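What follows is a single structure, written as C-alpha coordinates, with notes after it.
Chain identifiers are assigned alphabetically (A, B, ...) following the order of the sequence lines, protein sequences preceding nucleic acid strands; residue numbering begins at 1 within each chain. Here the structure is a predicted model, which is why all the values come from computation and not from measurement.
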Amino acid sequence: MTLPAAFYDRPVLEVAPELVGCTLAHGATAGVIVETEAYHQTEAACHAHVGLTARTHVLFGAPGTVYVYRSYGIHALVNLVCEPEGVGAAVLIRALEPLSGVGIMHERRGVGEDERLCSGPGKLTQALDIELDLNGTDAIDGPLQVGPRPPAWADVDIVTGPRIGITKAAELPWRFCAAGSRSVSRPWPPGFRPAPRAARVR
DNA sequence: CATGGGATTGACT
DNA sequence: GTCAATCCCATGC
(Lines give C-alpha, C1' and ligand atoms only; values in the text may rest on other atoms or scores of the structure.)
Protein backbone atom coordinates (compact mmCIF):
# COMPACT_ATOMS: atom_id res chain seq x y z
CA MET A 1 0.00 0.00 0.00
CA THR A 2 1.72 3.13 -1.19
CA LEU A 3 0.68 6.71 -1.70
CA PRO A 4 -0.28 7.39 -5.36
CA ALA A 5 1.52 9.83 -7.63
CA ALA A 6 -1.43 12.23 -7.27
CA PHE A 7 -0.49 12.70 -3.61
CA TYR A 8 2.76 14.36 -4.72
CA ASP A 9 1.22 16.26 -7.65
CA ARG A 10 0.30 19.24 -5.44
CA PRO A 11 2.04 22.29 -3.93
CA VAL A 12 5.06 21.09 -1.98
CA LEU A 13 3.93 23.12 1.05
CA GLU A 14 0.80 20.95 1.22
CA VAL A 15 2.61 17.67 0.74
CA ALA A 16 5.45 18.23 3.24
CA PRO A 17 3.31 18.44 6.41
CA GLU A 18 1.03 15.62 5.22
CA LEU A 19 4.01 13.28 4.81
CA VAL A 20 4.64 13.54 8.56
CA GLY A 21 3.14 10.39 10.07
CA CYS A 22 3.41 8.42 6.82
CA THR A 23 5.71 5.42 6.50
CA LEU A 24 8.97 5.02 4.58
CA ALA A 25 10.15 1.50 3.77
CA HIS A 26 13.22 0.05 2.08
CA GLY A 27 13.79 -3.69 2.15
CA ALA A 28 13.25 -5.08 5.62
CA THR A 29 13.55 -1.69 7.31
CA ALA A 30 10.84 0.93 7.73
CA GLY A 31 9.95 3.94 9.86
CA VAL A 32 7.33 6.60 10.42
CA ILE A 33 8.29 10.00 9.00
CA VAL A 34 8.41 12.52 11.86
CA GLU A 35 10.22 15.43 10.21
CA THR A 36 10.22 16.94 6.70
CA GLU A 37 11.29 20.08 4.90
CA ALA A 38 9.91 21.61 1.70
CA TYR A 39 12.10 22.85 -1.15
CA HIS A 40 10.96 24.71 -4.26
CA GLN A 41 12.79 26.04 -7.30
CA THR A 42 11.61 29.58 -6.57
CA GLU A 43 13.82 29.86 -3.45
CA ALA A 44 17.61 29.73 -3.36
CA ALA A 45 18.05 26.84 -0.92
CA CYS A 46 16.57 24.40 -3.41
CA HIS A 47 18.99 22.58 -5.70
CA ALA A 48 16.50 23.13 -8.53
CA HIS A 49 16.96 26.88 -8.14
CA VAL A 50 19.94 26.73 -10.55
CA GLY A 51 17.72 25.25 -13.24
CA LEU A 52 17.84 22.01 -15.19
CA THR A 53 21.25 20.32 -14.91
CA ALA A 54 22.59 16.77 -14.80
CA ARG A 55 22.28 16.90 -11.02
CA THR A 56 18.87 18.52 -10.74
CA HIS A 57 16.89 17.00 -13.59
CA VAL A 58 15.36 14.40 -11.24
CA LEU A 59 13.82 17.25 -9.21
CA PHE A 60 11.92 18.34 -12.32
CA GLY A 61 10.66 14.83 -13.01
CA ALA A 62 7.36 13.11 -12.29
CA PRO A 63 5.76 13.60 -8.87
CA GLY A 64 6.58 10.64 -6.64
CA THR A 65 10.14 10.27 -7.95
CA VAL A 66 12.92 9.70 -5.39
CA TYR A 67 15.77 12.25 -5.35
CA VAL A 68 18.91 11.20 -3.47
CA TYR A 69 22.08 13.26 -3.34
CA ARG A 70 25.29 13.28 -1.33
CA SER A 71 25.82 15.95 1.29
CA TYR A 72 29.19 17.04 2.67
CA GLY A 73 30.81 14.18 0.80
CA ILE A 74 29.55 11.69 3.36
CA HIS A 75 25.79 11.45 3.76
CA ALA A 76 23.03 10.51 1.35
CA LEU A 77 19.88 12.62 1.76
CA VAL A 78 16.51 11.48 0.42
CA ASN A 79 13.70 13.57 -1.03
CA LEU A 80 10.35 12.96 -2.70
CA VAL A 81 9.71 14.99 -5.86
CA CYS A 82 6.47 17.01 -5.82
CA GLU A 83 4.35 19.21 -8.08
CA PRO A 84 3.76 18.58 -11.78
CA GLU A 85 6.55 17.38 -14.06
CA GLY A 86 8.65 20.35 -15.12
CA VAL A 87 8.45 22.07 -11.72
CA GLY A 88 11.51 21.59 -9.48
CA ALA A 89 10.22 20.87 -5.96
CA ALA A 90 10.74 18.17 -3.35
CA VAL A 91 10.25 17.20 0.29
CA LEU A 92 13.39 16.31 2.25
CA ILE A 93 12.85 13.46 4.71
CA ARG A 94 14.72 14.52 7.86
CA ALA A 95 13.79 11.99 10.56
CA LEU A 96 11.92 8.74 11.23
CA GLU A 97 10.71 6.75 14.20
CA PRO A 98 11.91 3.17 13.60
CA LEU A 99 9.04 0.80 12.80
CA SER A 100 10.50 -2.49 11.58
CA GLY A 101 13.93 -3.98 11.01
CA VAL A 102 15.20 -2.23 14.12
CA GLY A 103 17.87 -4.91 14.66
CA ILE A 104 19.21 -4.32 11.13
CA MET A 105 19.25 -0.57 11.76
CA HIS A 106 21.36 -1.09 14.87
CA GLU A 107 23.81 -3.19 12.86
CA ARG A 108 24.14 -0.48 10.21
CA ARG A 109 24.33 2.44 12.62
CA GLY A 110 26.25 0.94 15.55
CA VAL A 111 25.14 1.03 19.13
CA GLY A 112 22.66 3.66 20.23
CA GLU A 113 19.15 4.12 21.46
CA ASP A 114 16.28 3.30 19.09
CA GLU A 115 15.13 6.89 19.00
CA ARG A 116 18.53 7.99 17.68
CA LEU A 117 18.69 5.47 14.83
CA CYS A 118 16.91 7.77 12.34
CA SER A 119 16.93 11.18 14.09
CA GLY A 120 18.54 13.07 11.20
CA PRO A 121 18.51 13.08 7.38
CA GLY A 122 21.88 11.33 7.06
CA LYS A 123 21.16 8.90 9.87
CA LEU A 124 17.94 7.55 8.41
CA THR A 125 19.52 6.89 5.01
CA GLN A 126 22.24 4.88 6.74
CA ALA A 127 19.71 2.97 8.84
CA LEU A 128 17.53 2.11 5.79
CA ASP A 129 20.49 1.63 3.41
CA ILE A 130 19.32 4.39 1.07
CA GLU A 131 22.13 5.31 -1.30
CA LEU A 132 22.63 7.23 -4.52
CA ASP A 133 21.58 4.24 -6.61
CA LEU A 134 17.99 4.98 -5.58
CA ASN A 135 18.12 8.42 -7.20
CA GLY A 136 15.47 8.62 -9.92
CA THR A 137 13.51 5.56 -8.77
CA ASP A 138 9.78 5.60 -8.18
CA ALA A 139 8.33 5.90 -4.66
CA ILE A 140 5.10 4.21 -5.75
CA ASP A 141 6.42 1.05 -7.46
CA GLY A 142 10.14 1.21 -6.75
CA PRO A 143 12.43 -0.23 -4.06
CA LEU A 144 11.75 2.70 -1.74
CA GLN A 145 8.08 3.00 -0.83
CA VAL A 146 6.00 5.54 1.06
CA GLY A 147 2.76 4.45 2.73
CA PRO A 148 -0.16 6.35 4.28
CA ARG A 149 -0.36 7.19 7.97
CA PRO A 150 -1.01 4.24 10.28
CA PRO A 151 -4.17 4.82 12.35
CA ALA A 152 -2.20 5.88 15.42
CA TRP A 153 -0.67 8.73 13.40
CA ALA A 154 -3.86 9.90 11.65
CA ASP A 155 -4.23 13.05 13.74
CA VAL A 156 -0.58 13.84 14.48
CA ASP A 157 0.02 17.47 15.46
CA ILE A 158 2.60 19.35 13.39
CA VAL A 159 5.13 21.86 14.73
CA THR A 160 6.41 24.27 12.06
CA GLY A 161 9.76 26.06 12.08
CA PRO A 162 12.58 27.36 9.87
CA ARG A 163 14.67 24.88 7.90
CA ILE A 164 17.95 23.57 9.29
CA GLY A 165 21.53 23.81 8.08
CA ILE A 166 20.99 26.15 5.14
CA THR A 167 22.39 29.59 4.44
CA LYS A 168 20.00 30.80 1.75
CA ALA A 169 16.30 31.45 2.30
CA ALA A 170 16.81 30.36 5.91
CA GLU A 171 13.87 32.43 7.13
CA LEU A 172 11.14 30.41 5.45
CA PRO A 173 9.16 28.27 7.97
CA TRP A 174 9.18 25.20 5.77
CA ARG A 175 10.18 22.57 8.34
CA PHE A 176 7.47 20.26 9.70
CA CYS A 177 7.88 18.06 12.79
CA ALA A 178 5.61 15.55 14.54
CA ALA A 179 4.76 17.11 17.90
CA GLY A 180 6.38 15.29 20.80
CA SER A 181 8.38 12.76 18.77
CA ARG A 182 11.68 11.89 20.42
CA SER A 183 13.19 11.12 17.01
CA VAL A 184 12.99 14.70 15.68
CA SER A 185 16.49 16.00 14.90
CA ARG A 186 18.14 18.88 16.74
CA PRO A 187 17.97 21.79 16.99
CA TRP A 188 14.29 21.56 17.76
CA PRO A 189 11.92 24.14 16.24
CA PRO A 190 10.51 26.88 18.47
CA GLY A 191 7.90 25.53 20.85
CA PHE A 192 8.82 21.88 20.30
CA ARG A 193 9.04 19.66 23.40
CA PRO A 194 9.75 15.92 23.22
CA ALA A 195 7.30 13.66 25.03
CA PRO A 196 8.56 12.13 28.26
CA ARG A 197 10.07 8.67 27.99
CA ALA A 198 7.76 5.77 28.66
CA ALA A 199 7.50 5.18 32.38
CA ARG A 200 9.99 2.66 33.70
CA VAL A 201 8.71 -0.36 35.58
CA ARG A 202 10.08 -0.53 39.07
C1' DC B 1 40.45 21.49 -15.96
C1' DA B 2 40.67 23.48 -10.98
C1' DT B 3 38.17 25.06 -7.34
C1' DG B 4 34.82 25.53 -3.75
C1' DG B 5 30.60 24.88 -1.43
C1' DG B 6 27.02 22.09 0.60
C1' DA B 7 19.64 20.38 2.81
C1' DT B 8 25.48 16.53 8.04
C1' DT B 9 27.32 13.94 11.66
C1' DG B 10 30.18 12.57 15.48
C1' DA B 11 34.14 13.44 18.15
C1' DC B 12 36.27 16.57 20.81
C1' DT B 13 37.18 21.15 23.82
C1' DG C 1 30.96 25.77 21.23
C1' DT C 2 34.55 23.97 17.01
C1' DC C 3 36.19 20.91 13.40
C1' DA C 4 37.31 17.35 10.02
C1' DA C 5 35.72 13.78 6.96
C1' DT C 6 35.31 13.52 1.86
C1' DC C 7 31.74 13.13 -2.72
C1' DC C 8 29.33 15.24 -6.33
C1' DC C 9 28.73 18.74 -9.35
C1' DA C 10 28.15 23.83 -10.69
C1' DT C 11 30.83 27.41 -11.89
C1' DG C 12 34.55 29.95 -13.86
C1' DC C 13 38.99 30.43 -16.03
Closer than 4.0 Å, any side-chain N/O of A:R94 to the OP1 or OP2 of B:dT8? yes
In whole angstrom, give the distance that lies between atom NE2 of A:H40 and atom P of B:dA7. 18 Å
For A:R149, which residues count as a salt bridge (charged side-chain N to carboxylate O under 4.0 Å, His left out) partner, sequence neighbours excluded? none
Ranking C:dT11, B:dA7, B:dG10 by distance to the side chain of A:K123, first place goes to B:dG10
For A:A127 and A:M105, the nearest pair of non-hydrogen atoms, with its separation, is O-CG, 3.7 Å
Rounded to whole Å, the CG-P distance (A:L92 to B:dT8) equals 8 Å
Using a 4.0 Å heavy-atom cut-off across all strands, classify A:S185 as base, sugar-phosphate, or nothing. nothing
Could you tell me how far apart A:Y67 (OH) and B:dG6 (P) are, to the nearest whole angstrom? 14 Å
DNA chain B in dot-bracket form (Watson-Crick or G-U pairs under 3.5 Å, [ ] crossing, | inter-strand) is ||||||.|||||.
Between A:R109 and B:dG10, is there a side-chain N or O to OP1/OP2 distance below 4.0 Å? yes
Identify the heavy atoms of A:T2 and A:I140 that sit nearest to each other, and give their distance. OG1-O, 3.3 Å
Table of protein N/O atoms under 3.5 Å from nucleotides 4-9 of chain C N/O atoms:
{"unit_1": "C:dT6", "atom_1": "O2", "unit_2": "A:Y72", "atom_2": "O", "d": "3.1"}
{"unit_1": "C:dC7", "atom_1": "O4'", "unit_2": "A:G73", "atom_2": "O", "d": "2.9"}

Is the distance from the ring center of A:H47 to that of A:Y39 below 6.0 Å? no
First of A:T167 and A:P121 reached from the 5' end of DNA chain B, by closest nucleotide: A:T167
Taking atom CG as the centre, does A:D133 end up with more than 12 heavy-atom neighbours from other residues, nucleotides or ligands that are less than 6.0 angstrom away? yes
If we ignore angles and hydrogens, is there a donor and acceptor under 3.5 Å between the side chains of A:E97 and A:S181? yes
Quick check: are there more than 12 heavy atoms from other residues, nucleotides or ligands sitting under 6.0 Å from CZ of A:R10? yes
Which residue is it: A:L96, A:L124, A:V156? I am looking for the one with a side-chain contact (heavy atoms from CB on, under 4.5 Å) to A:I33. A:L96
To the nearest Å, give me how far apart CG (A:L52) and P (C:dT11) are. 12 Å
Counting the atoms with a prime plus P, OP1 and OP2 as sugar-phosphate, which does A:R116 contact under 4.0 Å by heavy atoms, base, sugar-phosphate, or nothing? nothing
Rounded distance (Å) that lies between atom C1' of B:dT9 and atom CD of A:Q126: 10 Å
Suppose you measure atom C1' in B:dA7 against the same atom in C:dG1; what distance do you get, rounded to whole Å? 22 Å
Hey, mind stepping through A:Q126 and A:R109 against side-chain hydrogen bond (donor to acceptor under 3.5 Å, both in side chains) and telling me if it holds? CA-CA 7 Å; A:Q126 186 185 8; A:R109 294 264 305 124; 3.0 Å; yes
Report the distance from atom CD1 of A:I166 to atom C1' of B:dG6, rounded to the nearest whole Å. 12 Å
Taking atom P of B:dA7 as reference, at what distance in whole Å does atom CD1 of A:I164 sit? 12 Å
I'd like the P distance from B:dG5 over to C:dC3, given in whole Å. 16 Å
Measure the acute angle between the ring planes of A:F192 and A:W188, then classify it against the limits of 30° and 60° as parallel, tilted or perpendicular. tilted
Figure out the CG/C1' separation between A:L59 and C:dA10, and round it to whole Å. 14 Å
